[in-house]
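One structure is given below, encoded as structure tokens.
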Amino acid sequence: MFKAIADVLRSIGGAIATVVTLPFRAVARLFSGASSTAHGHR
């Protein structure tokens with residue numbers, strides 16, 4: 001029983017981590033693209 005609860009908590013934690021890190025990845029991608037275009041790099 002405890003193993004099942006641990007698996008559920010682990011899956012929920014992974015989902016939360018993915019949702020939390022997605023915006024940061026998008027922002028990092030935007031900043032990298034803006035900096036590359038600002039410097040004239042393609």
**Prompt:** With sequence neighbours left out, which residue pairs that include part of residues 14-28 fulfil the salt bridge (charged side-chain N to carboxylate O under 4.0 Å, His left out) condition?
**Reply:** none
**Message:** Test of understanding: with side-chain contact (heavy atoms from CB on, under 4.5 Å), list the residues that count as partners of V20, not counting sequence neighbours.
**Reply:** I16, F24
Side-chain heavy atoms under 4.5 Å apart, restricted to Ile/Leu/Val/Met/Phe/Trp/Tyr: what other residues fall into the cluster of [X], or is it alone?
X	value
F31	V27
V19	none
M1	I5, L9
L30	none

**Residue pairs involving residues 9-22 (criterion side chain to side chain donor-acceptor pair (under 3.5 Å); sequence neighbours excluded)** = D7-R10
